[in-house]
Amino acid sequence: MMKKVSGTTKYLSLGIIALAIQGCGGETNTSTNLDNVDISGPATGWEMVWSDEFSGSTIDTAKWTHEIDCAGGGNQEAQCYTDAPENSWIEDGVLNIAALKAAEGAEKPYTSARLTTKGKADFLYGRIEMRAKLPVGQGSWPAFWMLPTDNVYGIWPRSGEIDIVEAVNLKAKDAEGNPEAHIYGTLHYGREWPKNEQSGKAYTLPDNVNPGDDFHTYAIEWQQGEIRWYVDDYLYATQRRSELRYNAKEQPVGLAYKGWFTEYFDQSTGDLNLTWGNQPFDEKFHLMLNFAVGGNWPINVNETGIDEAAFNSENKYQVDYVRVYQCSANPDTGKGCETVRPGYDKLDDALVEGKAPAPTPPSDGVAKDLLIFDSTPNPNWAAWDCCGGSTPDLVADADKGDVYRFVVGESPTVNGFISRSAFITDPEGVPSPFDASPIESTGVLSFAMKLVSAPAAPDVTWSVKLESNEGATAVEVPITDSTEGVLPTVGQWQTYSFPLSLLASKGLDLSAIDVVMVFPAWGSGNGAEYLMDEVKIARPNTTLPSVVIFADNENPDWPMWDCCGGSTPSVVSDDAEHGIVSEFTIGSEPTVMGYINRTEFGGSGTAFDASAIFEKGLIQFDLKVVNAPTTPDAPWLFKVESNNGDSAAEVALTTSVEGVAPTAEWQTFSFSLADLSAAGLDISAIDVLMIFPAWGQGEGAVYRIDNVKISQPGAEGPALDGLTLFVDQIADAWSIWDCCAGSTPAVVSDDNEHGAVAEYVIGEQPTVVGFFADDGVYYDASAAVSTGVVRFDMKVVSSPSDPSSEWTFKIESGDASSAVELSLSDSIEGVEPVVGQWQTYTFPLQTLADAGLDASAIDVLMVFPSWGTGDGAVFRLDNAIIGTP
């Protein structure tokens, strides 16, 4: 049998390992010793392979070709490019490019020049350098850049673009009234327009020097997998290829580094693929020099528009030289001649993160359902206005309770729900692309929608659009393609259903759905306001039953009720958290109060069947006492009846899961359906809930109730897809474990909420403790990396005697072949343990994987005071899971 080895051996050899760590180091792409680098100029080893010093009397046509067109550069630029000598010429060893006002009636209002080396010189890797003085003025846009010669990966930008330096509107005023002085280094790559991506960095020269005042040297150093940008030999930006993260099965499960990527057609299969390698910046590129006028970028920033006075023969783009070097150490990769400095590979300094999407994680084949929104927001799926500037908000609807409201104004937009990190604002939320592929044949996207006001434009088409894997695939269909086939109608709730098989047949990759949109056609929605609820991707008839009896408003099926005292319970406003609540008042007449479903009291008569949630279901409500009963120590009771009183259960409020008595503060009370059933209640036809001081003892009581519901907690969203390590007992093939001190962790009883828990005691001998898999047992969480978590509850019974002790979380995989160790305060909750309090700690699997954990073979989970400082600690763990909750 294979012997499982824990990485805790590091604690037993701490001194040796500490010495070893001092000798470790190195960067992803270079082995440069920064202590031995002279950063005052380019590193040694660069050999010039091409240059133009512009020392002749005319532009060298053996090196450069003038492009002649009026196409506007694809950016709605305002110039025609010409080969006229007034637009480009050499004078005193300098290339001059001038943008000039065109003759009256010309195709474009300006003329200028664009020079290219295409067909005459192209390059793969090296140092490309230009010394130049840039033109100024609102609307000016000089550039020194590179395009691929052969477009191996497809049309722009799939085959890439490298912008060595560009600037817009130099010396025009910025928003603060200061002269514009930025230069930019940028890469373009990814999918075909309009889904193209770019990443880069803006930079200003030291001491407020403006690039339009004098000559400066602009360069890139381009090697396999990395490109660096320089001004006057100062490295200000670095970009790199993406690095995939693989599990033990060699399946890509995420990004170890987010850099560039591209999309291309596989010539052998015809498939459109994404690649995260050196592509597209591993093919030959040629040089471009041009001076554009206007265009989408310059005219929309600084002083906006084009200043005609800036374009004359004196405001020139002047180039002293262009030089290309090859790295003699390794011309084939360009590596070995790096001009780098400390911080060149740090995100908070020079390193620029790219826009690569994560690879679609391998499907685990497990059929799951997703509830995106149903009265309660899903923290992993934000309600979202793409482009219109509005913020979708929760509003109360008489029929549906809390629903999301979306509006469309003058700015064209689309609205819906999104699960991408850039748009998730809830601190508990994590990006959670949904793998619907296992339910393709039976699953349905469905939602309820009510149109409050129609768009001002008549006959607007309403659309439903889904995207997958950050837009890698998308499908848009008219809302009338739904199973119901109806148009939105003002003032009416309507349900819309779209079979997943239909969406898949139109090209949607179901394995990583991350956007669901519902909207009037782009640009035609002004004036639209609409509500959405019950948004889910699920198999029909798999939702567990639940009922909200009161939340912000009265449920007409379950009216408030005074049995016998003659009062009329009312709806009143409370604090910001609770809003509208129920208020009950008891006078001299004995009574009970609550909510009733029976028709003779105004209810619907449709009793609630909780049988499907018998084991884990709860009846819950919030309660606040405004005035206590005049009878001292009057007990507070909870009573539930079923089927017109055929069965009932009555219990004290203090027997709730929380075990508390009512006070003047809001408190939650939860009652297990299983316990109520054991007390005699038939849970198949619940029709009355009562909360009251004991009969005849309630005079003077005024109390408020809110958030009354019968449900199974967690049933609103997907059930746990993963491993339950410990809930009341340890998982099969795992043990509660002490690494090194010889103690035996025990299962002990805690409070009503937690029940049986794992308890650990640490003595003088240093140790780590936690949960340990049997030999040969590993848990594969790779399919849940993008959405899953490691989560556990912890309560410290007694602290370590060493006050400097730090509480630590560690997880290992593959017999300690990979491991991650973090402080408990690095959890999402970010809190330190407090003696006597249960606290939850959550660590996203994505964070752990990014830190180096192979999630495909998890076999140890540890929680402990830092090594050698734990003497005296006693603590408990419960509700430990690995997966997608």
Side-chain angles (χ1 to χ4, degrees), residues 615-618 620 654-660 668-672 674-675 712-714 719-720 722-763 767-774 777 779 789-800 805-812 822-825 827-829 831-843 858-866 870-883 885:
E615 291 184 354
K616 298 181 180 180
L618 299 174
Q620 293 178 296
T654 52
T655 65
S656 66
V657 171
E658 293 79 12
V660 295
T668 299
F669 295 83
S670 306
F671 294 87
S672 162
D675 290 345
Q712 178 171 308
L720 172 67
L723 172 66
T724 300
L725 273 175
F726 190 99
V727 175
D728 294 329
Q729 61 184 1
I730 190 66
D732 291 341
W734 286 71
S735 60
I736 53 176
W737 166 77
D738 179 333
C739 151
C740 319
S743 77
T744 303
V747 176
V748 301
S749 180
D750 201 270
D751 59 24
N752 288 338
E753 181 178 355
H754 288 83
V757 301
E759 182 174 82
Y760 302 87
V761 179
I762 298 181
T767 192
V768 294
V769 298
F771 305 109
F772 197 79
D774 292 350
V777 174
Y779 178 64
V789 297
V790 178
R791 179 178 294 160
F792 53 88
D793 293 345
M794 174 179 172
K795 181 170 82 172
V796 176
V797 179
S798 63
S799 296
S805 181
E806 180 181 13
W807 285 91
T808 302
F809 163 73
K810 185 175 184 184
I811 188 167
E812 295 183 357
L822 299 168
S823 169
L824 283 190
S825 59
S827 63
I828 289 177
E829 295 78 12
V831 294
E832 297 286 351
V834 176
V835 173
Q837 291 186 17
W838 278 105
Q839 294 168 283
T840 299
Y841 293 91
T842 306
F843 296 87
I858 296 170
D859 52 3
V860 185
L861 189 154
M862 293 168 266
V863 182
F864 54 95
S866 52
D871 187 17
V874 179
F875 62 101
R876 296 173 175 178
L877 299 178
D878 193 19
N879 299 327
I881 66 165
I882 305 173

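Fair warning: this is a prediction, and the values are worked out from it, not measured in the lab. For the numbers below, each heavy atom of this structure counts, side chains included, while hydrogens, waters and symmetry mates do not.
- Without hydrogens or angle criteria, Glu658 side chain to Ser670 main chain gives a donor-acceptor distance under 3.5 Å.
- Atoms CG and CG, on Leu877 and Leu861 in that order, are 8.5 Å from each other to the nearest 0.5 Å.
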Does the side chain to side chain contact (heavy atoms under 4.5 Å, CB included) test come out yes or no for Val747 and Gln729, once each step is laid out? CA-CA 8 Å; Val747 176; Gln729 61 184 1; over 6 Å; no
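- With contacts defined as side-chain heavy-atom distances shorter than 4.5 Å, the pair Asp871/Pro800 does not qualify.
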Pair Asn879, Arg791 - check side chain to side chain contact (heavy atoms under 4.5 Å, CB included), show working. CA-CA 8 Å; Asn879 299 327; Arg791 179 178 294 160; over 6 Å; no
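- Heavy-atom minimum distance, Val863 versus Met794: CG1-SD, 3.8 Å.
- Once rounded to the nearest 0.5 Å, the distance linking OG1 of Thr808 with CG of Leu822 reads 9.0 Å.
- In this structure the side chain of Ser743 never reaches within 4.5 angstrom of the side chain of Val761, judged on heavy atoms.
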In sequence, state the C-alpha distance, the side-chain angles, and the governing distance for Arg876 and Asp750, and then conclude on side chain to side chain contact (heavy atoms under 4.5 Å, CB included). CA-CA 9 Å; Arg876 296 173 175 178; Asp750 201 270; 2.6 Å; yes
Worked check of ring pair (Phe, Tyr, Trp, His ring centres under 6.0 Å) between Trp807 and Phe875: CA-CA 11 Å; Trp807 285 91; Phe875 62 101; 5.0 Å; yes
Let's go through Leu824 and Gln839 carefully: what are the C-alpha distance in whole Å and the side-chain angles of both, what is the deciding distance for side chain to side chain contact (heavy atoms under 4.5 Å, CB included) to 0.1 Å, and is it a yes or a no? CA-CA 11 Å; Leu824 283 190; Gln839 294 168 283; over 6 Å; no
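- A side-chain donor from one of Glu806 and Ser823 sits under 3.5 Å from a side-chain acceptor of the other.
- Ring geometry for Phe771 versus Tyr760: interplanar angle over 60°, hence perpendicular rather than tilted (30 to 60°).
- In this structure, CG on Asp793 lies 9.5 Å from CD1 on Ile881, to the nearest 0.5 angstrom.
- Note that CD1 of Ile736 and CZ of Phe726 are 6.0 Å apart. Values are rounded to the nearest 0.5 Å.
- Of all heavy-atom pairs between Thr767 and Ala741, the closest is OG1-N, 3.4 Å.
- Between the side chain of Ser735 and the backbone N or O of Trp737, no donor-acceptor pair lies under 3.5 Å.
- Atoms CD1 and CG, from Ile730 and Leu725 in turn, are 6.0 Å apart once rounded to the nearest 0.5 Å.
- Expressed to the nearest 0.5 Å, how far CH2 of Trp734 lies from CG of Leu723 amounts to 6.0 Å.
- Listed here is the closest heavy atom pair of Ser799 and Val835: OG-CG2, 3.1 Å.
- Contact detail for Ala733 and Val777: the closest heavy-atom pair is CB-CG2, 3.9 Å.
- Ser656 and Phe669 make their closest contact through OG-CD2, 3.7 Å (heavy atoms, listed as atom of the first residue, atom of the second, distance).
- Side chain of Asp738 to main chain of Cys740: a donor-acceptor pair is present (N/O by atom type, distance under 3.5 Å, no hydrogens or angles).
- The shortest non-hydrogen separation linking Met862 to Val768 is SD-CG2, 3.6 Å.
- For Trp838 and Asp878, the side-chain atoms include no donor-acceptor pair closer than 3.5 Å.
- Between the side chain of Ser798 and the main chain of Gly872, a donor-acceptor pair closer than 3.5 Å is present.
- Here the two rings, on Phe809 and Tyr841, have centers that are 6.0 Å apart or farther.
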